[in-house]
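Everything on this sheet refers to the single structure shown next.
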Amino acid sequence: MDVSQYLDLFIDETREHIQSLNDNILLLEQEPENMDTINEIFRAAHSLKGMSGTMGYVRMQKLTHDLENVFSEVRSGNMKVSSKLIDIMFRALDAIEAYLQTIVDTSTEGTEDNQDIIDDLNKVLKEGTAQDKEEETQEQATLTAAASSGTGGYEDIPIDEFLRGAIEDAKEDNMTVFGLTVTLDDNCMLKGARAFLVLRALEGVGELMKAVPDVDSIENEEFENSFSLLVVTDQPMEAVKGVVENVSEIKNVRIGQVTADAVKQAKKEEPKPAPAAVKEAPQAQETGSGNNAADNNASAKETETAKDASKDNKAGHKEGGKSQGTRSIRVDIEKLDNLMNMVSELVIAKNGLSTVVGRLKTGSRQINERIEYLENITTNLHEAVMKVRMVPIDSVVSRFPRMIRDLSRKLDKKMELVMTGEDTELDRTVIDELGDPLMHILRNSADHGIESAQVRAELGKPEVGTISLNAYQAGNNVIIEVSDDGGGVNVEKVKSKALSKGLITQEHADTMSDDEAVGLLFMPGFSTADKISDVSGRGVGLDVVKSKIESLGGTVECKSALHKGSTFIITLPLTLAIMQSLLVDIGGEKYAMPLSNIQTIEEIPVDMVKSINSSEVIELRGRVIPLFRLAEILECEKGEESEVLTVIVANKGEKLGAFVVDGLYEQQEIVIKSLGKYVDAGKLIIGATILGDGEVSLILDATVLI
Amino acid sequence: MKEKYIIVRTAGELYGIHISCVENIVKPQNITRMPLVPDYFKGLVNLRGEVLAVMSLRSRLALQGEDDCSKARIAVLKFEDQSRLGLLVDEVIGVSEVEGDEIEDISKDSEFIKGIGKTGTGIFAVLDIDRITDVSTQDAVSEG
């Protein structure tokens, strides 16, 4: 069967499972006894195994199978979690990730067997379980006993009061209740569909009373290879069995009559944990009754709940199912881009309409009201589409705890990563580009920031260094702060380094403020590390981070205090495609300026402009702000010099700049259009937009001048 | 094998643009001046909702005089990578079919001219669109 059409889905889901394993193994390292985590890990490993097997990636399947075996032992309590085990797990995980990468690149899994990891896994498995040999023998005994009395089939379906009542009712109506355990072929591709056919066939001859796992789970393929059902019918056993066997790709069907007496007997056994739940025995799978151990666990849980609330059958039912996350669907990003483009067109059309109406001398109040209404709708529509494109930064930062753990080992420093605000959302296009710069800053903090445990102890700091990543939304921006409690930036060292590299002059160095000196870190070709490690300092430095962030329309700053630590503050715009802007007149031309970084608009008399070092400044509320005459910078034709300057005060991070314009038009929502690849006016002009009257206007990011 | 060329006039001379490069011809309207770029970029226009950069052929070829606006047209060039560039000319004369071997190769003599072709009305210079649109060697204009 051709499975290539599932490849994208496989890649997506495998990524998710790998991430989930990464997260949970990290968690397991902290809390080795956490059963929820262990179950989650087992489930992810199990899914990985199944998926890679289905896709025909045998090497990947082999590795995940052995990984799953280890988790299985951990889950059943036969093995303890050790740091050695965690290390091997991570190695296996990296190998799986490598498989995935090969698959992404070439659609094949490559030829790497990773035999060493498999051997290590099996070794750990042997050692780990040998210690608990006695325990295991006991388990084995229970298991054998359980196997003889029925192995996780329909006999194990928990019967609550409600079901028992129903069974007795059926008997009175001369109906029979049959229990069925249906096992699908091992290589059945569409298990959910097959199972659905079985359910439908059964509905033709009788009524479904109970299913384990529940019907939703069955149809969603949330079972291993088999599922169990209770059916009430007036048909003989052979007829019921026949309709099920008519469905193709069924390996075998076990059927038996369920009576109220049998139920009573079963009820006595209930307090014991479901036998197969303790251990997923390979032989159980072969006998065709290998109910997924996870499901058995669930049914055991369900039994308890059902007893607690025996009257409320529904509650018991719910508990049995897996916890469901937010309902979501996968959408191709191209479709979203397309939708976004259409919304952009709509905004332009709306702007055009209001321009035309604005020109009408006899513009009636009614038309204006309708247009305002339209404006509301387009603004809301735009926001809604933007929200759809928003992705929590979690998808980028979730790999960092693992990275810091590995760095901690590699650098032989003790450190931990604390993250907050992972649910902060950013536009998808920004998220995709954010990973590398953030990783660089974190590596930088780990490598250059955090001191060795010894140094920290001497300084009276806690032995374990803390790196924190804090994300939050502020207005139209998202701020991401990465701070460490390490050594901070040694300003003198930075200055002398910059001097020796010829980046600044001695005079400049002497007059430089500490903040300015810290800013030198972002200059191209700067690296303060005394030795080049493979963690950071590979020639590319923070200047790359800076240009990347700036290409996303954001800014990056660094604050530092010697021996206390450093903080990198990244500010990013929420969205890139549409923004609120202020239309201004510069030398008779119309320019759009992003509203997000405009602080105030001031009227400044010409004689208030002072000159310092041959550059103009103004003093505003106690701050000295550099003044930029945009008309000159943009090579506009000279207009008349007026007595009072209209000045727009805008900020870049903490820095302010004052920009002289010749007049103000209105505030408008604009769609950012690319200038194409032929014209490049530098960073000052970030794009163009089409105004309501069809004219093209340039978008000016004056803050790059600061 | 016959090749088709769009024949245009700029600064009194005839030029031919191979028809495969030209997507459309539009009348120039409201060209927005673009600061901080080389002079031969005339500015930006709205081409059906997209922004199109427009280059003046006259300035690009370093010819004298002002662009003559009365009959001026923008030839919209479209390239393999889907990018577009407008080329502002004084007038579009029409389309000419020329046998491939009737184009005389003079590429060594001029930076932007590939050869000389003949039409019924006279001779025209075949523009080397690749070189004309290669602006990577443009004088870098630094910001600020």
Side-chain angles (χ1 to χ4, degrees), chain A residues 341-349 351-352 550 586-592 615 626 628-637 657 659 670-706, chain B residues 21 23-24 26-57 59-60 74-88 112 127 129-144:
Chain A
N341 284 341
M342 286 192 284
V343 171
S344 302
E345 291 300 310
L346 188 64
V347 170
I348 291 175
N351 286 347
E550 282 177 352
I586 300 170
E589 295 169 2
K590 223 183 229 186
Y591 285 88
S615 51
F628 302 92
R629 291 177 190 264
L630 289 177
E632 283 170 27
I633 291 162
L634 296 171
E635 303 161 345
C636 296
E637 282 167 33
F659 304 95
I670 57 167
V671 178
I672 305 172
K673 301 273 183 186
S674 147
L675 293 175
K677 64 175 193 179
Y678 297 102
V679 285
D680 179 14
K683 287 173 185 161
L684 185 56
I685 292 166
I686 53 177
T689 188
I690 293 172
L691 299 178
D693 55 7
E695 216 170 303
V696 176
S697 185
L698 294 167
I699 306 168
L700 207 58
D701 182 13
T703 57
V704 301
L705 296 169
I706 303 174
Chain B
C21 310
E23 184 192 43
N24 201 354
V26 295
K27 278 192 184 180
Q29 282 171 325
N30 295 335
I31 300 183
T32 302
R33 187 187 70 92
M34 176 96 195
L36 313 176
V37 292
D39 283 343
Y40 51 78
F41 279 112
K42 196 76 180 163
L44 305 170
V45 293
N46 173 2
L47 182 76
R48 292 183 302 277
E50 291 300 321
V51 173
L52 178 75
V54 178
M55 179 189 272
S56 159
L57 181 60
S59 313
R60 184 60 169 155
I74 294 169
V76 181
L77 310 176
K78 189 175 180 185
F79 306 99
E80 274 177 12
D81 61 358
Q82 305 300 309
S83 66
R84 288 189 179 86
L85 181 70
L87 196 62
L88 183 71
F112 300 124
L127 292 175
I129 294 297
D130 288 342
R131 288 209 194 156
I132 284 182
T133 56
D134 179 13
V135 292
S136 57
T137 54
Q138 73 185 36
D139 323 342
V141 179
S142 58
E143 72 212 57

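Within every chain, numbering begins at 1; the chains are lettered A, B, ... in the order of the sequence lines, protein sequences first and strands thereafter. Fair warning: this is a prediction, and the values are worked out from it, not measured in the lab.
Heavy atoms of A:Leu634 lying under 4.5 Å from chain B belong to its backbone as well as its side chain. For B:Glu50, the parts lying under 4.5 angstrom from a heavy atom of chain A are both the backbone and the side chain. Interface remark: B:Arg84 contributes backbone atoms only to the contact with chain A (heavy atom separation under 4.5 Å).
Going from atom OG1 of B:Thr32 over to atom CD1 of A:Ile690 covers 9.5 Å, rounded to the nearest 0.5 Å.
Nearest approach of A:Ser674 to B:Val51, heavy atoms of both residues: O-CB, 4.0 Å. Across all non-hydrogen atoms, the minimal contact from A:Cys636 to B:Arg33 is SG-NH2, 3.5 Å. Looking at every heavy atom in both residues, A:Ile633 comes nearest to B:Leu36 through O-CD2, 3.4 Å.
Within the 4.5 Å cutoff, the side chain of B:Met34 has heavy atoms near those of the A:Leu698 side chain.
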Would A:Val696 and B:Asn30 satisfy side-chain contact (heavy atoms from CB on, under 4.5 Å), going step by step from the backbone distance to the final call? CA-CA 8 Å; A:Val696 176; B:Asn30 295 335; over 6 Å; no
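In this structure, a donor-acceptor pair under 3.5 Å is absent between the side chains of A:Tyr678 and B:Thr133.
When each of A:Ser697, A:Gly676, A:Gly694 is checked for heavy-atom pairs under 4.5 Å with chain B, A:Gly694 comes out on top.
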